[in-house]
Each structure stands twice: as structure tokens, then as C-alpha cells.
Protein chains: 2
Amino acid sequence: MNLSPSAAAGGGLPDQPASPEVSEEHKCLNSELWHACAGPLVSLPAVGSRVLYFPQGHSEQVSASTNKEMESQIPNYPNLPAQLICQLHNVTMHADAETDEVYAQMTLQPLSPQELKDPFLPAELGNASKQPTNYFCKTLTASDTSTHGGFSVPRRAAEKVFPPLDFTQQPPAQELMAKDLHGNEWKFRHIFRGQPKRHLLTTGWSIFISAKRLVAGDSVLFIWNDNNQLLLGIRRANRSQTVMPSSVLSSDSMHIGLLAAAAHAASTNSRFTIFYNPRASPSEFVIPLAKYVKAVYHTRISVGMRFRMLFETEESSVRRYMGTITGISDLDPARWPNSHWRSVKLDGMSQLLERGNQGCLYGRLSL
Amino acid sequence: MNLSPSAAAGGGLPDQPASPEVSEEHKCLNSELWHACAGPLVSLPAVGSRVLYFPQGHSEQVSASTNKEMESQIPNYPNLPAQLICQLHNVTMHADAETDEVYAQMTLQPLSPQELKDPFLPAELGNASKQPTNYFCKTLTASDTSTHGGFSVPRRAAEKVFPPLDFTQQPPAQELMAKDLHGNEWKFRHIFRGQPKRHLLTTGWSIFISAKRLVAGDSVLFIWNDNNQLLLGIRRANRSQTVMPSSVLSSDSMHIGLLAAAAHAASTNSRFTIFYNPRASPSEFVIPLAKYVKAVYHTRISVGMRFRMLFETEESSVRRYMGTITGISDLDPARWPNSHWRSVKLDGMSQLLERGNQGCLYGRLSL
DNA sequence: TTGTAGGCTTGTCGCCGACAA
DNA sequence: TTGTCGGCGACAAGCCTACAA
């Protein structure tokens, strides 16, 4: 019997579907878990609503993923404006089969001048991403990922999201089953022992760690949902970006492809498809139109204005920071004249701006 | 100290460079090993020569890699002909850092009508890929890849490519060092033992197998080159295509990107960059111009004509098959009128045509 | 409360020849 | 000639408590 390293670990390994990409297409991902993995700041516009699509932001996602800047020889697309008002026909949530990276596929259709005159529908502000209530997220320590032991569950976390243990047993222990994004089930022994007493996941843990190739610094996320199911997600640390295998298409062609696809769709008012990868992309590039209109026309952004901005903490909760806008400029005025995809200078926040540092104002700032 | 599974295996593991993608750029890959991994049928046109670039074939490479056919909403590029005569400015050989997949990067520049009038240079037929002489390639068995043992070296192979053992020792054994495509060194114990006697690689073998994630059916390839160095390459089995993570860009955009990049380069006579991935691509799409001219103008392909075609055997040698052409048609006459990227019907060869079944005539057929 | 070190048990890796295809 | 099996020893994975931050 021959087994690959990860499959060999496999006593507790779930069966892999025969053709992952096919079942991937049709399986409906658990939305709750997807949003938890994407993080509290990521929301997806509602299907049917009108959105603004920024090719420049989309381009930044490709740059961030391929680790290559766009080069000079990019053709001009005179018919492609810096932002495109679109109808959002479809949104589906996905997870990469290899890495569990979450991403969304969206079908957009640029609106004709006629359609642009339609009044707003009330739903267009987009429903905020509902984060689950019964969940916890922990960044893995060296001990958690070493081959030498199991997973140390923070006490409050275990009490909040795991089913209660039967403390009449000695030691108290139970078996936990958790489903990941692909619907695969993972089995863990949950035990409460040691001096002082603590919650641990032992048997099954190292199989999970090695199958998902998790290392110290990555995070795991447990959710106890309303159907009394345990869900299990992961978030990898931002380790020098996943180098996307570009052995098939140059990154230049990718940039051109995204621009040409948008330009073509704009000129023919036809549908096009994009992928939004919230943890790879520096910022959101598909924004609810209503949110944008509110920010631009009702609250003009200007130097000196006070703002607040949301950030994600290590434990996946949200923190607010206040600041003042000290400068505004277009990032690439030659290529994208009058783009609202602007770079904003803020006071004293440089250390916070790891992700989203050139993020679209309308996605993250509140005024 | 925390280590990922493969790194943890690491007693004999070579040091990983600090920033693999950067050193990758500047390191010169071993050409001999690259060609051996690419296979005996793959040749690269000479730098400076004139070549024919087929966007349609390039598109097929993307389809094969993403497992997605091109969809309907592709814009037209009226200025993009089915084939583009280009100057080949640069060719570099690469290997994917994750998978060791070999690919080539080429810089092409469409020729102006003026330049097209230049006479051929003698070198333009392209030098055939020189396959190394002292090498062997073996498809791994279940035993070779199991955690239970080492690698059984075919007798003739060991005698041909490994340094001779000292048979006065009991048992005869030596240490072998082999360099892979990235220049990393792997250390193996080569021993001649058992009843009956055989050549085995033991210590170091399973570290290599698990680091490269090889499974039964994949192949390994040892070369003893003229500098008395041992080189080591791998060829993965065609297992339902490597599903390329496309969580960043839709495959439609990739197709459009390649077409738009070529169209833009054609209209401005400027350089563009493509990747040719010989084992992912169904066929060659950059062909020496001289080869093409010879095939089209000197030997018109027609129904009834006898031909021979080269194929690769499991052991990486070349086998010839003879046949008769029974039909010729353009694959996609609507999109590519008068393309020479044709589909040829052949007699009784269906079972042979796993790869290259829609391959460019001029690359693989000899008349 | 929770991370890491260290002891102890046990499972698996990996080297070996036997045997048969 | 070479693929797979059963054997067996070495060693590391993995469960446990102690201790300290």
C-alpha cells in the first residue's frame, strides 16, 4: 500500500472526494465559516444589488498574489473608466482545495446609461457580514504545532464553544468532530487534565496540523453553530504571500486580462467574472454603490477631516482607531485620471497599516 | 523550535534559500537537467531566431492548466492574426519552486512588415534538444515510495550512471550526492546487497520522496554529466492535471489577457512575455519559423499523406509511429479563420494521442 | 491561566533478507 | 532481475505532569 505523506497520516483523515474541483463547483460552502475565515471586516455585496468595480484594485490583488508589479507595456483601454457601475448577478463563496484560502466569485454586468437612472433599492447598502457568536480563534504557538504534543485550548474558548465535559469522569474527556470548509470531518480527543487543569485537544490534532500544513503563527478557528455542529477553519499568517504558480501565464498577461475583460464587458454591457480573495487582496475593489454614493456625495473626504477605521486584532475581533486625514492623492493619475481609488495620508498610523494600506476609502473608513 | 512537516524531516535536507523566488530569477538552471525533465520531444527555439507564435495554442495551455475551457464572452481582436511572426529575444529556463515543474519564459517581439523581408539566418532551424547520454529514468513503484523502504535501482541503470562501487567491501556501498533543478543537493546511501544482490538507495531516499511529495507512478531521473556531477530530476505523472489555484483571476480573464497582450504587441511591434510549460501544454505554440516554412511551403500537408510522429515512452526514450492522414480541419474556424493550427485526423492512433492530440503539426509530425 | 520542558510509552520508520513474479 | 513481504531494532511521535512566566 502506498500513501503520500499527508494521506499516510490518515487514520482520522476524511475521505477525499474523487474529483475535488467538480464537487467544489456544486457544493454550497458554509457561509458562516467562510465569513469567519475571511475575517470580521470582509463583507460581500448582496446579489442583485448595484456595485462599483475598481479595475485598479483588482489589479492590486493580482500584483499582491503574483508578487510582481505591473510592467510598462500595458495597452491603454480608453473605454475603461477607473470605476465601473455594475449589477451584481451572482456571488459564490469558495475555498482553495490546496490551501483552504477563501475567495469569492462574482458575476458583474456593467450598467447601461439607461439602467443607471433606476432608483436605489433599499437592500443596496449590503448586509453586514454576520460573524458567528459562538466561536473562537487562536494563533497557534510553537507547542501547538510541534510534533511533540497537542493543542492547548484557551479556557474561556473551550467553555464557550465546545460541548460541556462530563466532570464525573476522571479525567473528563470527549470526542469532538469538526467540519472544515470543504465539508471534511476531523476528529479530536478533547481532554481536561494536567496540573493545573487545562483543556487540550490530543489525538487527531497532529494529523490535522500536518494535513493542513499549519505552522506556528497561523490561526485556527472553531465555531459552534446553531445546528449544534462544530466548524473548523484556518487562517494562515501573511508569510511573504503565497507565491502563485505563474508557470503558465505571465503576470503582465494577467493584468492585461483583467483590464481587457472589464473593458470588453463595459463596451458591450455584458457579464464578466472576477475573483475576490479577501486575504490576498490589499483592499476591496467591489463596493456597494450606495455606500460609495454616501461617502462621495454626502460626506466629501477632505484633508483635516476626522475619521475612524476598523482593524482586525489577532484574536479576530474588531478594534477602532481614530485619526485625521492629512493628505489625499490619486495613486496613478496618468493611467487612471480622476480615479477615486485614492491614497490617503493619515496621522500616526503607519504601524497599523499592514493590510489595506491603500485600501479603498469607502470600504474601510467611516467618517 | 517549530518546523513544518517536510522541513522537520530535514537531517539531510539542503538549506532553503532565504528568498526562493528572487534567487530563482537570477540562478541559471542546469539546461541539461531541464531538458531531461521536459522530455526528449521538447526543444526550445534559439535566442535571436525568428519564430511563429500561435495564440490559440497558448490558450490551450491555459485551458489545460486551469481545467477550464474558454467561455463565450471573449472579445474579438481583429488585429490579432492566428499566427504571429516574432523575433525571439530571450529564453530562460525555470522550475516551479513548489512542484519542480519545468517551464520556459520567452520574450517575443512581433516583426514589422519591413523586418519580415530579411533573409533567413542559418541558425534559425533551432538546435535540437540535446538529451544527456548518461542518464536513466524510472517510474516509481509502490515499494519505492512507501515509508517502509528505499529505492530499488535497476541494475543496468546503476551500472551506467552511478560511480562504480568498491566490491572489495562487504557489502559494497557509497554515498551519492545529487543536485536537483534548484541546485539543492540530496544525499543518498547507495548499497549493493540482498539475496539476490541488487542496487538500492536507502538512507536519504524517504526524505527526498516526502520533500518532493512523490507518489507511485511519478518518475525520477538521474543524470551523470560531463563534469562528473550527479543530477536528479522528477516528472510527475499526469494525474488529472495539477489544479491551478485560480483564486485570484478567472480563467476567462487569463485567456483574454493572453490574447490582448499578443494583440497589443502585434499592433505596436513591442515585446511581450509568455511562459511555455511543456508538460502542461497540449502542444508547442512557439515554433521556429524555418521549420514552419518548410512544412507549409515545401511539404504541403494533405489527406492521404504518410507521416511519422515521435512519441515518448515511459522510460523517456523516443519511439516512432507511422500513419496516414485521413482528414484536416481548422479547429475553430469562426474565431481563427485560416489558422494553420489545425486538427488532423489520423488512422488508428487514438490510443496513442494522450498528449499532443491537437498538437501543432509542425512541431511533432515529420513528413 | 497557559507556554514550554522533560519523562515515559508506543507506534512507525526504515534497513534487512526471503521469496516469487 | 526486481517488486513486495515479514522481521526487527532504533528513534521520534505523542501523551502525560511539573514548573514557571
Side-chain angles (χ1 to χ4, degrees), chain A residues 1-12 136 138-160 170-173 175 187-211 216-217 314-315, chain B residues 1-12 136 138-160 170-173 175 187-211 216-217 314-315:
Chain A
M1 182 68 181
N2 163 67
L3 295 166
S4 70
S6 63
F136 77 90
K138 186 195 174 190
T139 300
L140 298 173
T141 66
S143 298
D144 290 332
T145 53
S146 96
T147 56
H148 205 66
F151 174 63
S152 183
V153 190
R155 184 189 178 128
R156 292 157 184 284
E159 288 170 352
K160 190 171 65 172
Q170 209 40 247
E175 184 174 84
K187 203 158 56 180
F188 304 108
R189 179 172 164 82
H190 169 207
I191 191 169
F192 186 71
R193 62 163 175 78
Q195 197 47 252
K197 295 272 182 277
R198 76 195 60 189
H199 291 271
L200 296 166
L201 299 188
T202 58
T203 313
W205 181 252
S206 72
I207 292 169
F208 174 72
I209 287 294
S210 61
E314 276 210 353
E315 300 75 23
Chain B
M1 183 66 183
N2 164 65
L3 294 166
S4 71
S6 64
F136 77 91
K138 184 195 175 192
T139 300
L140 298 174
T141 66
S143 297
D144 290 332
T145 51
S146 97
T147 58
H148 205 66
F151 174 61
S152 183
V153 190
R155 181 184 184 136
R156 292 157 184 285
E159 288 170 351
K160 190 170 64 172
Q170 210 41 246
E175 184 174 84
K187 202 159 58 179
F188 304 108
R189 179 172 163 82
H190 170 205
I191 191 169
F192 186 70
R193 63 162 175 78
Q195 198 48 252
K197 293 274 180 276
R198 77 197 59 191
H199 291 272
L200 296 167
L201 298 189
T202 58
T203 312
W205 180 253
S206 73
I207 291 169
F208 174 73
I209 287 295
S210 63
E314 275 209 356
E315 300 74 24

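A quick note: this is a predicted structure, and the numbers were derived from the prediction, not measured. In what follows, every chain begins at residue 1, and chains take the letters A, B, ... in the order their sequences are listed.
For B:Thr141, counting side-chain heavy atoms from C-beta on, the closest listed nucleotide (D:dT2, C:dC13, D:dG3) is D:dG3. In this structure, the nucleotide among D:dA13, C:dC16, D:dC16 sitting nearest to the side chain of B:Ile191 is C:dC16. Nearest nucleotide to the B:Ser206 side chain, out of D:dT4, C:dG14, D:dT2: C:dG14.
A donor-acceptor contact under 3.5 angstrom links the side-chain atoms of B:Arg198 to the base of D:dG3.
In this entry the distance linking CZ of B:Arg156 with C1' of D:dT2 reads 13 Å, nearest Å. Separating the CZ atom of B:Phe192 from the C1' atom of D:dT1 is a distance of 11 Å, rounded to the nearest angstrom. Whole-Å rounding puts the A:Trp205 CH2 to D:dC15 P distance at 12 Å. Put simply, CG on B:Leu200 is 16 Å from C1' on C:dC13, counting in whole angstrom units. If you measure from atom CG of B:Leu140 to atom P of D:dT4, you get 11 Å, rounded to the nearest angstrom. Taking atom CZ on A:Phe151 and atom P on D:dG14, their separation rounds to 16 Å, with Å as the unit. Protein atom CD1 of A:Ile209 is 14 Å distant from nucleotide atom C1' of D:dA13, rounded to whole Å. For the pair A:Ile207 CD1 and D:dG14 C1', the computed distance is 11 Å after rounding to whole Å.
Checking the phosphate oxygens (OP1, OP2) of C:dC15, no side-chain nitrogen or oxygen of B:Arg193 falls inside 4.0 Å. When the side-chain nitrogen and oxygen atoms of A:Ser152 are compared with OP1 and OP2 of C:dT2, none of them lie within a distance under 4.0 Å. Between B:Ser143 and the phosphate of D:dT2, there is no side-chain N or O to OP1/OP2 separation shorter than 4.0 Å. Distances shown here put every side-chain N or O of A:Ser146 at or beyond 4.0 Å from the OP1 or OP2 atom of C:dT4. At the phosphate of D:dT1, neither OP1 nor OP2 sits under 4.0 Å from any side-chain N or O atom of B:Lys138.
Interatomic distance, A:Glu159 CD to A:Arg155 CZ, rounded to the nearest 0.5 Å: 4.5 Å.
In this structure, the side chains of B:Glu175 and B:Lys187 come closer than 4.5 Å at one or more pairs of heavy atoms. A 4.5 Å side-chain heavy-atom check between B:Trp205 and B:Arg189 finds every atom pair outside the cut-off. At least one side-chain heavy atom of B:Ser152 sits less than 4.5 Å from a side-chain heavy atom of B:Asp144. At a threshold of 4.5 Å between non-hydrogen side-chain atoms, the residues B:Ile209 and B:Leu140 count as touching.
Residue A:Thr202 is classed as a sugar-phosphate contact, given heavy-atom separations below 4.0 Å to backbone atoms only. As judged by a 4.0 angstrom heavy-atom cut-off over every strand, B:Lys197 is placed among the base-contacting residues.
Both B:Leu201 and B:Gln195 lie close to DNA chain C; mapped to their nearest nucleotides by heavy-atom distance, the more 5′-ward contact belongs to B:Leu201. Comparing A:His148 and A:Pro196 by the nucleotide of DNA chain D whose heavy atom lies nearest to each, the residue mapping closer to the 5' end is A:His148.
Note on ring orientation: taking the six-membered ring where Trp is involved, the planes of A:His199 and A:Phe192 are tilted (angle from 30° to 60°).
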